[in-house]
Amino acid sequence: MDTQTTSKKMLSFLDPAQPQPWASFIEQIDRVAPHLGKLGYWLDTLKHPKRVFYVGIPIRRDDGTLEHFEGYRVHHNLSRGPGKGGVRFHPNVSMNEVMALSGWMTIKNAALNLPFGGAKGGVRVDPASLSTGELERLTRRYTSEIGILIGPNKDIPAPDVGTNEQTMSWMMDTYSVNQGATVSGVVTGKPISLGGSLGRREATGRGVFVTAREAGLLQGVAMKDARVVIQGFGNVGSVAAQCFAAAGARVVALQDASGSVSNPDGIDVEAAIACVKAGDRLVDMPGVEVISAEDFWNIPSDYLVPAALEGQIDASLAERLDTKIIVEGANGPTLPEADDVLAKRGITVVPDVVANAGGVTVSYFEWVQDFSSFFWSEQEINQRLESIMSAAFHSVAELAVERKVSLRTAAFIIACTRILAARDRRGLYP
Ligand code: NAD
């Protein structure tokens, strides 16, 4: 007979002690208000997500017990096109976090001028604690539950922390089975064999590197022998590390969920990737010194790349960071009060909404390729990615100089102007 595990945890959205990244997003929006002129009339639109959808996800564990997980999909704003944003599987996922992440997607898509609104999803689960079969059942049930919101013209999910090509394959299959037709354009970040795009897996890390390089050029920070510190060594952090190393920089410290390591002469990035791929811990790889989390943030660098989770750099950490350029691989790693400290100290922050937009840019390419069933070469994809990312960075940098604001505020001004102009043109229904 089936048994049911009794959860003692309350639903996370009822728990006020959870972190509140949505408050950081609201504060970033407030900072743009003085720069929007008449369009400021519509600004409150961005403080109110369009739809916040909670789904309960029951799955049968391999031992026959029943377990429920919390899932979310949020449409933050659809003024400029269908929703676009990843799906996160992580034990700290909450409604508040998914709302913030969806808001950043709205801004990012508009900052890059991609024809999408902002969305995001997530399940509060540690994927490593589930068997492959359990993970598949969880993914399929989640997809089916959010099925009324997603679709190639409505909202197109993609991978984020804790999800990957396999997750996207299950999502695409589940949606397709429920529709009675193969719908490859419902998700991006798929394997090539299912209509994925060449270069998608590497796109975010590659974009992080492109924006870092361009910021370095403006500031006279040479790439050759530059010291790079990276937090998070998953999809984004590891590819960014490869690009920095290939350009002659030295990755002098890395941190992932297993701990922190350093080597002032440069960590062997390929060996670190092989170590993680083999399922070993970064802290067990040869040729590095294991250091504390405290020491990790003290290591001097030219480029610091937070590429793990949000809320990592607070005001007190910002006071002691010894770096020249922070390139936000992760979404929301720097709190607004830390932004102020970094600006005062003359440390440049290349904001997430530009720095990590390479992933959604190639997701856009994938979506376009799926619609036309015509696929581009990797060289074509990388060239287009490079030119879009570099142009987006420079238009943000130019506006920042013109308005005397941070790169983040400049990116928000460009994005909010596009979103609210669309809102204004569309008018208010009814
Ligand atoms: P991932 O799951 O592939 O990797 C996450 C990495 O962070 C892992 O190395 C993990 O060990 C590490 N990590 C987790 N918790 C940590 C902690 N408490 N301290 C230090 N390290 C920790 O995820 P990813 O796809 O590389 O995403 C990383 C960040 O980049 C997220 O903020 C995500 O939203 C953002 N991002 C990802 C993409 C993409 O295309 N994958 C696109 C844009 C933004």
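Order of listing sets the numbers, starting from 1, for every ligand and every atom in it.
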Q255, E294, Q231, E289 screened by side-chain hydrogen bond (donor to acceptor under 3.5 Å, both in side chains) with S260, the one that passes
Q255
To atom 8 (C) of ligand 1, the nearest of P333, G234, G86 on a heavy-atom basis is G234
Name the closest protein heavy atom to atom 11 (O) of ligand 1, giving the residue it belongs to and the distance to 0.1 Å.
A257 N, 2.9 Å
For atom 25 (O) of ligand 1, what's the nearest protein heavy atom and its distance?
N235 CB, 3.7 Å
Could you please spell out the steps behind the side-chain contact (heavy atoms from CB on, under 4.5 Å) verdict for I107 and F25?
CA-CA 10 Å; I107 302 296; F25 175 74; 3.9 Å; yes
T323 and S301: side-chain donor and acceptor closer than 3.5 Å?
yes
Ranked by distance from atom 27 (O) of ligand 1, the top protein heavy atom is V161 CG2, 3.6 Å
To which protein heavy atom is atom 2 (O) of ligand 1 closest, and what is the distance rounded to 0.1 Å?
G162 N, 3.3 Å
Assign the ring pair Y364 / W367 to parallel, tilted or perpendicular, where the plane angle (0 to 90°) is split at 30° and 60°.
tilted
Quick one: does R206's side chain have a donor or acceptor within less than 3.5 Å of a partner on A240's backbone?
no
Numbered atoms of ligand 1 (with element) below 4.0 Å of R88, judged on heavy atoms
31 (C), 32 (O), 33 (C), 34 (O)
of all protein heavy atoms, closest to atom 43 (C) of ligand 1 is N356 O, 3.5 Å
Considering only non-hydrogen protein atoms, determine which one is nearest to atom 33 (C) of ligand 1 and report residue, atom name and distance to 0.1 Å.
D160 OD1, 3.1 Å
D314 (side chain) donor-acceptor with L317 (main chain) under 3.5 angstrom:
yes
Check each atom of ligand 1 against the heavy atoms of F233 and keep those under 4.0 Å away; list them by number with element.
6 (C), 8 (C), 9 (O)
Can you find an N or O of K108 that's nearer than 3.5 Å to an N or O of ligand 1?
no
Per-atom contacts, ligand 1 versus Q255 - under 4.0 Å to a heavy atom:
19 (N), 20 (C)
The one among L101, V236, N92 that brings a heavy atom closest to atom 37 (C) of ligand 1
V236
Distance under 4.0 Å to a non-hydrogen atom of Q231: what atoms of ligand 1 satisfy this?
19 (N), 20 (C)
Counting non-hydrogen protein atoms only, what is the nearest one to atom 32 (O) of ligand 1? Give residue, atom name and distance.
A308 O, 2.9 Å
Got I192 and F375 here, is their nearest side-chain heavy-atom distance under 4.5 Å?
no
So, do Y72 and V123 sit near enough that their side-chain heavy atoms are less than 4.5 Å apart?
no
Quick one, V210 and F393 - any side-chain contact, counting heavy atoms below 4.5 Å?
no
Does the protein come close to atom 17 (C) of ligand 1 - that is, does one of its heavy atoms sit below 4.0 Å from that atom?
no
Of the side chain and backbone of E310, name the one, both, or neither that has a heavy atom under 4.0 Å from an atom of ligand 1.
neither
Look at the aromatic rings of W376 and F365 and report parallel, tilted or perpendicular, splitting at 30° and 60°.
tilted
Examine the proximity of ligand 1 to T204 and report which part, side chain or backbone, both or neither, has a heavy atom under 4.0 Å away.
side chain
Is ligand 1 less than 4.0 angstrom away from at least one heavy atom of R200?
yes
Side chain proximity check, Y142 to T167, heavy atoms < 4.5 angstrom
no
Assess Q312 for proximity to ligand 1: is some non-hydrogen atom of it under 4.0 Å away?
no
Side chains of W104 and Q28: donor-acceptor distance under 3.5 Å anywhere?
yes
Near L309, which atoms of ligand 1 are under 4.0 Å from a heavy atom of that residue?
15 (N)
Starting from atom 28 (C) of ligand 1, find the nearest protein heavy-atom neighbour and note its residue, name and distance.
A307 O, 3.4 Å
Evaluate the ring planes of F244 and Y303, with Trp represented by its six-membered ring, and classify them as parallel (under 30°), tilted (30 to 60°) or perpendicular (over 60°).
tilted
